[in-house]
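Just below is one structure, and these are the notes that go with it.
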Amino acid sequence: MALRHYTLDFKLSAAVDSSSTVPELLSIFHEQQMTETVHETNGHGYLGTFVGKNGWLAILRVPSHGLVTVDLQCYEEEDVAQVDNLLNALESKLKVILDGNITRIKRLPALIRGAEVDRYWPTTDGRLVEYDMDQLVYEEDSAFQNIKILHSQQYGNALILDNDLNLAESDLAYTLAIMGSGRENYTGKEVLILGGGDGGILFEMAKQKPKMVTMLDIDQKVIDACKKYMRGTCGNILDNLEGDCYQILVEDCVPVLKKYVQEGKTFDYVINDLTAIPISMEPEEDSTWEFLRLILDLSIKVLHPSGKYLTQGNAENMTESLHLYEEQLGKLSCPVGFSKEVVCVPSYMEQWVFYSVWKK
């Protein structure tokens, strides 16, 4: 059972007297058979809760400063028209009572809490984004992570790993950007993809007739789920673990990379699609930074002298995180140069940074 949470805010140019404001609103709540309880605020204005027989809960706050707020909670199956009538009546009455003192009125769509399909996913800087997710297509726990695929009316099916939105079928822009946005020629080249279990990079790469693409992804269940439910991204490339110009190895990339280093094997391109740059250097993030440093160092070691290392970064506004990553590039076993590109990835609803790195 889901809950709808409505909000109505009146921002004022000056504080109001709650004793003259609240009484004129009470009849609106009483018409809905809602019972008032007044709470002590120690001189900070009025705070009242109104509970209806149908389970509705309203909170009216008229504080001593200039912001009047109404919060209304009701179950999802309640009559939406009846809820709108209550909110419309409160808004109309407050417009009259507060006439000449209102600088802004803001009424938000309902926040739906506890729904079967979660539609709310945060951006990297903590803003809440509501998606039009309407169906849980697939969910399973692998040995490594929780895997979900949700359907969005705008973005198609979306892969979500450990509650982090990875990629939607709409996000060709991401795939092309991590491949260099058309600036690179993969024809006849040896390419190593780290991660990429959604199959998007491999699918687009195979179109360019490379000599051989090796894809290393640790999670067979991600590959299987995307093969079935993310075909708008991967096409038919994941149907077979081997093709004329590619092989998919379901393995941990670290020991494989170390083996390639020992063997002296090199690649013209290494594309790292494992994880985004961490957003901080807090202790709990340190293991992720250590992992990225290891992957970066090993990747440069298996890179052909004239090759390139391509990877995602993070959101453009995570400037400190991106700066920390660029510092790591200066600490590698050999000097490197780099460039970056900012691309709008549809389902991310953020500008995303991608890096191209090469040996000097």
Side-chain angles (χ1 to χ4, degrees), residues 121-125 127 129 131-133 137 145 147-184 186 191-208 210 213 215-217 219 222-223 225-227 229-235 237-238 246 248 253 269-279 292 295 299 308-318 321-322 325 338-357:
W121 303 93
T123 59
T124 51
D125 59 350
R127 291 174 290 112
V129 176
Y131 288 86
D132 58 352
M133 305 296 191
V137 175
Q145 56 204 331
I147 307 163
K148 291 188 188 76
I149 295 179
L150 299 179
H151 176 261
S152 160
Q153 297 177 53
Q154 293 183 84
Y155 304 118
N157 286 346
L159 174 65
I160 295 169
L161 301 178
D162 283 341
N163 291 320
D164 179 42
L165 195 153
N166 274 235
L167 195 76
E169 290 178 304
S170 64
D171 296 341
L172 180 60
Y174 175 98
T175 302
L176 297 181
I178 203 170
M179 291 173 60
S181 294
R183 292 184 296 272
E184 308 300 332
Y186 294 99
V191 182
L192 179 63
I193 301 172
L194 307 178
D198 55 75
I201 299 172
L202 184 59
F203 180 60
E204 295 300 323
M205 185 73 67
K207 297 176 183 179
Q208 299 196 32
V213 181
M215 179 179 126
L216 293 170
D217 196 284
D219 202 333
V222 169
I223 294 172
C226 292
K227 174 174 65 177
Y229 299 111
M230 295 281 292
R231 295 186 80 85
T233 294
C234 65
I237 201 75
L238 298 179
Y246 73 90
I248 300 172
C253 69
Y269 291 93
V270 177
I271 300 179
N272 179 359
D273 192 32
L274 293 168
T275 184
I277 295 168
I279 60 174
L292 284 178
I295 295 298
S299 296
K308 284 189 178 179
Y309 171 83
L310 305 170
T311 188
Q312 64 163 315
N314 208 303
E316 184 183 21
N317 56 0
M318 304 309 296
S321 173
L322 297 171
Y325 179 72
F338 71 90
S339 63
K340 54 188 176 182
E341 177 186 19
V342 179
V343 173
C344 179
V345 179
S347 76
Y348 288 15
M349 300 191 196
E350 299 183 87
Q351 298 284 92
W352 208 254
V353 178
F354 295 84
Y355 283 90
S356 176
V357 182

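Throughout, numbering of the chain's residues begins at 1 and tracks the sequence. Please read these numbers as outputs of a predicted model, since none were measured by experiment.
A distance of 9.5 Å separates CD of E184 from CD of Q208, quoted to the nearest 0.5 Å. In this structure, CE on M318 lies 15.0 Å from CD on Q351, to the nearest 0.5 angstrom. For the atom pair R231 CZ and C226 SG, the distance stands at 11.5 Å (nearest 0.5 Å). With rounding to the nearest 0.5 angstrom, the CD1 atom of I178 is 5.5 Å from the CD atom of Q312. Separation of atoms OG1 (T233) and CD (E204) is listed at 9.0 Å; rounding is to 0.5 Å. Taking SG of C234 as the reference point, atom CD1 of I223 lies at 10.5 Å (rounded to 0.5 Å).
Tested against M215 for a side-chain contact (heavy atoms from CB on, under 4.5 Å), the candidates I271, I237, L202 yield a single pass: L202. The side-chain contact (heavy atoms from CB on, under 4.5 Å) with C253 is formed by just one residue from the set N272, I193, D217, L194; it is L194.
Using cut-offs of 30° and 60° on the angle between ring planes, the pair Y355 and F338 is tilted.
In plain terms, the two heavy atoms of V343 and A177 that are nearest each other are CG2-CB, 3.7 Å. Contact record, P346 with A173: CD-CB, 4.3 Å, taken as the closest heavy-atom pair. Shown here for L310 and G180, the closest heavy-atom pair between the two residues is CD1-N, 4.3 Å. Across L161 and L159, no two heavy atoms sit closer than the pair CD2-CD1, 3.8 Å. Minimum heavy-atom separation, N314 to S321: ND2-OG, 4.5 Å.
Two residues are said to be in side-chain contact when any heavy atoms from C-beta on lie closer than 4.5 Å; Y246 and M205 fail this criterion. Inter-residue side-chain proximity for D219 and I147 is flagged as met; some heavy-atom pair is nearer than 4.5 Å. You'll find the side chain of M230 reaches within 4.5 Å of the side chain of I149, heavy atoms only. Side-chain atoms of R183 and E341, non-hydrogen and from C-beta on, do get closer than 4.5 Å to each other. The side-chain heavy atoms of D273 and D198, taken from C-beta on, include a pair separated by under 4.5 Å.
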> Taking it one step at a time, do T123 and Y348 satisfy side-chain contact (heavy atoms from CB on, under 4.5 Å)?
Replying inline: CA-CA 8 Å; T123 59; Y348 288 15; over 6 Å; no

>> As a quick check of understanding, evaluate side-chain contact (heavy atoms from CB on, under 4.5 Å) for Y131 and L165, giving each step before the final call.
In response: CA-CA 11 Å; Y131 288 86; L165 195 153; 3.9 Å; yes

>> Go through it in stages, so that I can follow the logic: the residues are T124 and N317, the test is side-chain contact (heavy atoms from CB on, under 4.5 Å), and I'd like the CA-CA distance, side-chain angles, deciding distance and then a yes or no.
In response: CA-CA 9 Å; T124 51; N317 56 0; 3.9 Å; yes

> Should W352 and V342 be marked as a side-chain contact (heavy atoms from CB on, under 4.5 Å) after you check the CA-CA gap, both sets of side-chain angles, and the distance that decides it?
Replying inline: CA-CA 5 Å; W352 208 254; V342 179; over 6 Å; no

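Using modelled atom types, one side-chain atom of E169 and one backbone atom of G232 make a donor-acceptor pair closer than 3.5 Å. In this structure, D162 contributes its side chain and D164 its backbone to no donor-acceptor pair below 3.5 Å.
Side chains of Y155 and D171: a donor-acceptor N/O pair is absent below 3.5 angstrom, by distance only. For the residue pair N166/Y174, the side-chain donor-acceptor check at 3.5 Å is not satisfied.
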